Amino acid sequence: VQLQAFGGGLVQAGGSLRLSCTASGRSFSRYGMAWFRQAPGKERAFVAHISWSGGTTYYADSVKGRFTISRDNAKNTVALQMNSLKPEDTAVYYCAADPTGYSSGSYFLGRSPSRYDYWGQGTLVTVSS
């Protein structure tokens, strides 16, 4: 499975960006998918998760109400719509895939990087104040 994330860029505080991640492989529709981010000097942090069907989503408290994760299984893509961006959202954003789907079982499973076997290369989001 190969993941490719894109859509990052420079945006002013209060603005919006939409990240997308495309996946190779025929079994994408069975994967749990997630976005993580890593700010300079910090550890990789969970952002959002979506189950294979799209019926279950989890969000980090810091982005709840501002970010929305979605997926299109027909196109093998997962997206992250980011609104009301803040300077503290500045980070490299990574998409990740869990072929087992176990990550969808609970918020604590979904937020754990160890549940994901495949990672994209990351896309940089910079929010200026």
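Because only heavy atoms are used, hydrogens play no part in the values below, and waters and symmetry mates are left out as well, while side chains stay in. Being a predicted model, the structure only gives us computed values, none of them experimental.
With T56 contributing its side chain and S104 its backbone, the two residues share no donor-acceptor pair below 3.5 Å. Not one N or O on the side chain of D98 forms a donor-acceptor pair closer than 3.5 Å with the backbone of Y31. With Y102 contributing its side chain and L109 its backbone, the two residues share no donor-acceptor pair below 3.5 Å.
Of all the heavy atoms in M33 and V78, the pair that sits closest is CE-CG1, 3.8 Å. In terms of heavy atoms, P99 sits closest to A97 at CD-O, 3.6 Å. Scanning all heavy atoms of the two residues, the minimum distance from S24 to N76 falls at C-ND2, 4.3 Å. Of all the heavy atoms in L85 and V11, the pair that sits closest is CD1-CG1, 3.6 Å. Closest of all the heavy-atom pairs between S84 and R66 is O-NH1, 2.9 Å. Nearest heavy atoms, H49 versus G32: CE1-CA, 4.0 Å.
Atom CZ of residue R18 and atom CG of residue N83 lie 10.0 Å apart, to the nearest 0.5 angstrom. Here the CG atom belonging to D117 is positioned 7.0 Å from the OG1 atom belonging to T100, to the nearest 0.5 angstrom. Once rounded to the nearest 0.5 Å, the distance linking CH2 of W35 with SG of C21 reads 5.0 Å. A distance of 10.0 Å separates OG1 of T123 from CD of Q4, quoted to the nearest 0.5 Å. Distance check, rounded to the nearest 0.5 Å: CZ of F6 to OG1 of T22 gives 5.5 Å.
Seen from the ring of W52, R71 does not count as a face-on cation partner, given the 6.0 Å and 45° thresholds.
Between R111 and Y59, every side-chain heavy-atom pair lies at or beyond the 4.5 Å cut-off. Between P113 and W119 there is a side-chain heavy-atom pair separated by less than 4.5 Å. Looking at heavy atoms from C-beta onward, Y94 lies out of side-chain contact with R37 at the 4.5 angstrom threshold. Within the 4.5 Å cutoff, side-chain heavy atoms of Y116 are placed close to those of F36.
Relative ring orientation between Y93 and F67 is described as tilted, the plane-to-plane angle lying within the 30° to 60° band.
Side chains of R30 and S27: a donor-acceptor N/O pair is present below 3.5 angstrom, by distance only. In the model, D72 has no side-chain atom that pairs as donor or acceptor with a side-chain atom of T77 under 3.5 Å.
Ring centroids of F46 and F108 are separated by 6.0 Å or more, keeping the two rings apart.
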Assess whether salt bridge (charged side-chain N to carboxylate O under 4.0 Å, His left out) is satisfied between D89 and K86, documenting all intermediate values. CA-CA 5 Å; D89 294 319; K86 305 175 181 179; over 6 Å; no
Go through T90 and V125 one step at a time and tell me if the side-chain contact (heavy atoms from CB on, under 4.5 Å) criterion holds. CA-CA 5 Å; T90 295; V125 173; 5.9 Å; no
Please walk me through it: do V47 and L80 pass side-chain contact (heavy atoms from CB on, under 4.5 Å)? CA-CA 9 Å; V47 176; L80 185 69; 4.1 Å; yes
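Applying the 6.0 Å contact sphere to CD of Q121 captures more than 12 heavy atoms from other residues, nucleotides or ligands.
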